[in-house]
Participant: 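My structure is below; once you've seen it, I'll send some questions.
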2 protein chains.
Amino acid sequence: MRSAALRPTVGEVARAAGVSPSTVSRVLNGSPRVSPATREAIEAAISELGYEPNNAARSLVGGRTHTVGLVVSEPHERVFGDPFLAAIVRGVSREVMRARLQCAVLMANDAVDREKVERFVTQGHVDGVILVSLHEGDRLPDVLTAAGVPAVLSGRPMGLRRPVTYVDADSRGGAALATRHLIGLGRQRIATITGPLEMPAGTDRFDGYCDALRDADRPVTRSLVAEGDFTEHSGAVQMGRLLERHPDLDAVFVASDAMAIGALHALSRAGRRVSDDVAVVGFDDVPTARFTNPPLTTVRQPFDDMAVALAQRLVAQLDAPDAVVDHVVFPTELVVRASA
Amino acid sequence: MRSAALRPTVGEVARAAGVSPSTVSRVLNGSPRVSPATREAIEAAISELGYEPNNAARSLVGGRTHTVGLVVSEPHERVFGDPFLAAIVRGVSREVMRARLQCAVLMANDAVDREKVERFVTQGHVDGVILVSLHEGDRLPDVLTAAGVPAVLSGRPMGLRRPVTYVDADSRGGAALATRHLIGLGRQRIATITGPLEMPAGTDRFDGYCDALRDADRPVTRSLVAEGDFTEHSGAVQMGRLLERHPDLDAVFVASDAMAIGALHALSRAGRRVSDDVAVVGFDDVPTARFTNPPLTTVRQPFDDMAVALAQRLVAQLDAPDAVVDHVVFPTELVVRASA
DNA sequence: GTGAAAGCGCTAACAG
DNA sequence: CTGTTAGCGCTTTCAC
């Protein structure tokens, strides 16, 4: 059993290569001031001994922890976000590891955790932070920027006092795509179930819906718009309301998959045939829509790409602390399925 | 901007409290050899200055990294495992944080990553490791135990050379529950679509199915058993085969949700009415079954509890390195829905 | 019960 | 180009 205690150190590598520790360190850090010969000798010694630098020591002297925090501010009710979370965790941790950093996941479900996380990240335990599924009013972004901790957000934030770099999907464009698709199917009375209108994801998707209608010289009818809260339940409820107000509606763009599922149920409960009778398009916050029956046409977001972008932006900021704040918006696409 | 550089150190806390650094350290580490008065003074100083110990320094001297690795050996094809992953990541990272440790997520999708991860965890970057969604033939568990790195697995492993602590759900019991439920519904020809029979999750669930039939003095009919590979596609294919061989079957226990979805599609394609005609029970590796239409009765695994158990076992092993290897098996339950 | 001193493994000046 | 020196923040003997 080769325990951590007997790991080789720079000193040993140095001795094996017949040089001093500093030179080894230089090689380790890619300094150009090392002769090819020595470098080779050192590299040989390194792989010979199976040397791996000690992160703790390195951090202690360098002041950098070599770890980035992935803060998931998932309010518990949004259980639905899980697969999204999984995609992000996977992509981010991969990319972070590629940058030879480690990725610490920090869950902040309730106020207590949030407090802990806030401490943790502002007290120098991480070099930077990636924030996902942040909800409005979360003060973490501001706290971080105030403390000078590099941060990157997933999703355009609302009401921040200071600008922050973020990565988002083109919700608005996607919603327009979806609505245009319904128009293209020849639908006349296209309703929508929006998300909460005080959330960017809510307003953006509603705006996209309006864009498409406007482009087609159609009016946005207030009574064809129902505001949900992204949950399956609200989808069912709002679909029911819409059907009451407009028994004649023939299509609906639903701003989240969860709500779309609810809407499907409400429709079948009302004896309406999905697709033929009422065309439905969802918006995949989560890749679960593929499990619905009938299959659901949805707006797809490139989660994996977004995860990679998140990690890369952060790494870039770590290397250049005074880099400009910027925003990346990924295109969305419509995945058409039999049903709509 | 209060940067990491100006964080208070033990020295400063000591000065503020009028003692020596060593005493501060003793308080920090809960040593009993400190007078109540000094302790109080020091604690006051600590919260006064907002002191937080520097992890790197602490690790350097203590030889412990205070971080546990959460290795996700997710082979890419099993995308549907995502929500499971999310539940585990959430639960584990929470619990780990509670133990005042940090949790580094390590994705090992391909061979290259796996190599990196193996290095990382065996070279002392973590104090212990939690392994999830390990596939058979993965050598990591053996490598870890050989290197003396504490490890805990999720799911009973197969073919390990050394015993390892693991946390699992009672697949077999759950499968029996499901099958018994179908028997209770008065079904006569109960088929099953199993998982790969060289995987524990595959055999366990098949065994549970057999248990229930045997208990009811029913034979296990070979032609009513089809082996799938846990994917939605295989579920559809195997359901089709079963229907061909046994047009008269009136129930099916499907060993995974993904396959159950496939089976539902195959059934409706064949014009069979789910529930009335053919009762279906799934097994939730993932909590997506709630999205099916009609809703699916499923065997539910307590993912959150399992995550907590995983973390706790590992932490226990860290504190007592020579703790006994043991296994925890969580009960599963049947969530009955309208359809079956 | 408390302080002084040494050192964990590494890097960053500074010499040479 | 390379070696020497000092020290990051903390814990831990060892004295007192």
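Order of the sequence lines sets the chain letters (A, B, ...), proteins ahead of strands, with each chain counted from 1.
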Participant: Of B:L60 and B:G18, whose closest DNA chain C nucleotide lies nearer the 5' terminus?
Facilitator: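 Its nucleotide being nearer the 5' end, the pick is B:G18.
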Participant: Tell me, please, which residues at least two apart from A:F120 pass ring pair (Phe, Tyr, Trp, His ring centres under 6.0 Å).
Facilitator: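 With neighbours one apart ignored, the set is A:H125.
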Participant: Residues in side-chain hydrogen bond (donor to acceptor under 3.5 Å, both in side chains) with A:R139, at least two apart?
Facilitator: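 Once residues adjacent in sequence are excluded, the partners of A:R139 under the side-chain hydrogen bond (donor to acceptor under 3.5 Å, both in side chains) criterion are A:E118.
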Participant: I need the CD-P distance between A:E12 and C:dG9, as an integer number of Å.
Facilitator: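 So the two atoms are 8 Å apart, to the nearest Å.
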Participant: Could you check how far CD1 of B:I42 sits from P of D:dC10, rounded to whole Å?
Facilitator: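 The answer, rounded to whole Å, is 13 Å.
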Participant: Can you list everything that forms a side-chain hydrogen bond (donor to acceptor under 3.5 Å, both in side chains) with A:D110? Sequence neighbours excluded, please.
Facilitator: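 Only B:R94 meet the side-chain hydrogen bond (donor to acceptor under 3.5 Å, both in side chains) criterion with A:D110.
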Participant: Atom CZ of A:R58 and atom CG of A:N55: how far apart are they, to the nearest 0.5 Å?
Facilitator: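 If we round to the nearest 0.5 Å, A:R58:CZ and A:N55:CG are 7.0 Å apart.
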Participant: Does A:R98 have any side-chain hydrogen bond (donor to acceptor under 3.5 Å, both in side chains) partners at least two apart in sequence or in another chain, and if so, which?
Facilitator: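 None.
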Participant: Considering only distance and modelled atom types, tabulate donor-acceptor pairs under 3.5 Å from the side chains of residues 21-28 of chain A, sequence neighbours left out.
Facilitator:
from, atom 1, to, atom 2, distance (Å)
A:S22, OG, A:S20, OG, 3.3
A:T23, OG1, A:S20, OG, 3.3
A:S25, OG, A:N29, ND2, 3.3

Participant: Taking only N/O atoms, report every protein-nucleotides 5-7 of chain C pair under 3.5 Å with atom names and distance.
Facilitator:
none

Participant: Would one find a side-chain N or O of A:R58 under 4.0 angstrom from OP1 or OP2 of C:dT11?
Facilitator: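 Result: yes.
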Participant: I'd like to check the side chain to side chain contact (heavy atoms under 4.5 Å, CB included) partners of B:T165; sequence neighbours left out, ordered by chain and number.
Facilitator: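 Side chain to side chain contact (heavy atoms under 4.5 Å, CB included) list for B:T165, sorted by chain: B:V152, B:R313, B:Q317, B:V325, B:D326.
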Participant: Over how many whole Å does the gap from B:L49 atom CG to D:dG9 atom P extend?
Facilitator: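 So the CG-P distance, B:L49 to D:dG9, works out to 14 Å.
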Participant: Any side-chain N or O of B:S35 less than 4.0 Å from the OP1 or OP2 oxygen of C:dT2?
Facilitator: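 Answer is yes, contact under 4.0 Å.
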Participant: Any side chain to side chain donor-acceptor pair (under 3.5 Å) pairs touching residues 40-51 of chain B, not counting sequence neighbours?
Facilitator: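 Qualifying pairs, neighbours excluded: none.
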Participant: Taking NZ, NE, NH1 and NH2 as the nitrogens, is one of them in A:E52 or B:R119 under 4.0 Å from a carboxylate oxygen of the other?
Facilitator: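 Judged by the 4.0 Å cut-off on N to carboxylate O distance, A:E52 and B:R119 do form a salt bridge.
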Participant: By a strict heavy-atom criterion of less than 4.0 Å, which residues belonging to residues 24-34 of chain B are in contact with DNA chain C?
Facilitator: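 Within residues 24-34 of chain B, the residues near DNA chain C are B:R26, B:R33, B:V34.
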Participant: Over how many whole Å does the gap from A:N55 atom CG to C:dC8 atom C1' extend?
Facilitator: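 Result: 15 Å.
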Participant: Can you name the side-chain hydrogen bond (donor to acceptor under 3.5 Å, both in side chains) partners of B:T65, sequence neighbours left out?
Facilitator: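 Result, side-chain hydrogen bond (donor to acceptor under 3.5 Å, both in side chains) vs B:T65: B:D127.
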Participant: Side-chain N or O of A:S20 versus OP1/OP2 of D:dG3: is the shortest distance under 4.0 Å?
Facilitator: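 The answer is yes; a side-chain N or O of A:S20 sits under 4.0 Å from OP1 or OP2.
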Participant: Return the value, rounded to whole Å, for the distance between atom CG of B:N54 and atom P of D:dC8.
Facilitator: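 Going from B:N54 (CG) to D:dC8 (P), I get 12 Å.
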Participant: With side chains defined as the heavy atoms from C-beta onward, is the minimum distance between A:S154 and A:D168 less than 4.5 Å?
Facilitator: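 No, side chains not in contact.
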Participant: How many Å lie between CZ on B:R64 and P on D:dT12, as a whole number?
Facilitator: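 Nearest whole value for this atom pair: 11 Å.
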Participant: Specify the separation, in whole Å, of atom CZ of B:R15 and atom P of D:dG9.
Facilitator: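 That distance rounds to 12 Å.
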Participant: For the helix from C:dG1-D:dC16 to C:dG16-D:dC1, what angle separates the axis at the start from the axis at the finish, each from five pairs, in steps of 10°?
Facilitator: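 Axis-to-axis angle, ends of the helix: 30°.
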Participant: Under 4.0 angstrom, heavy atoms only, what part of the nucleic acid is A:T38 near: base, sugar-phosphate, or nothing?
Facilitator: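 The residue A:T38 makes sugar-phosphate contact but no base contact.
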Participant: Who are the side chain to side chain contact (heavy atoms under 4.5 Å, CB included) partners of B:D305, not counting sequence neighbours?
Facilitator: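 In terms of side chain to side chain contact (heavy atoms under 4.5 Å, CB included), with neighbours along the sequence ignored, B:D305 is linked to B:P302, B:F330.
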Participant: Compare the minimum distances between each of D:dG3, D:dG9, C:dC10 and the side chain of A:T23, then state the nucleotide with the smallest one.
Facilitator: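 Comparing D:dG3, D:dG9, C:dC10 against the side chain of A:T23, the answer is D:dG3.
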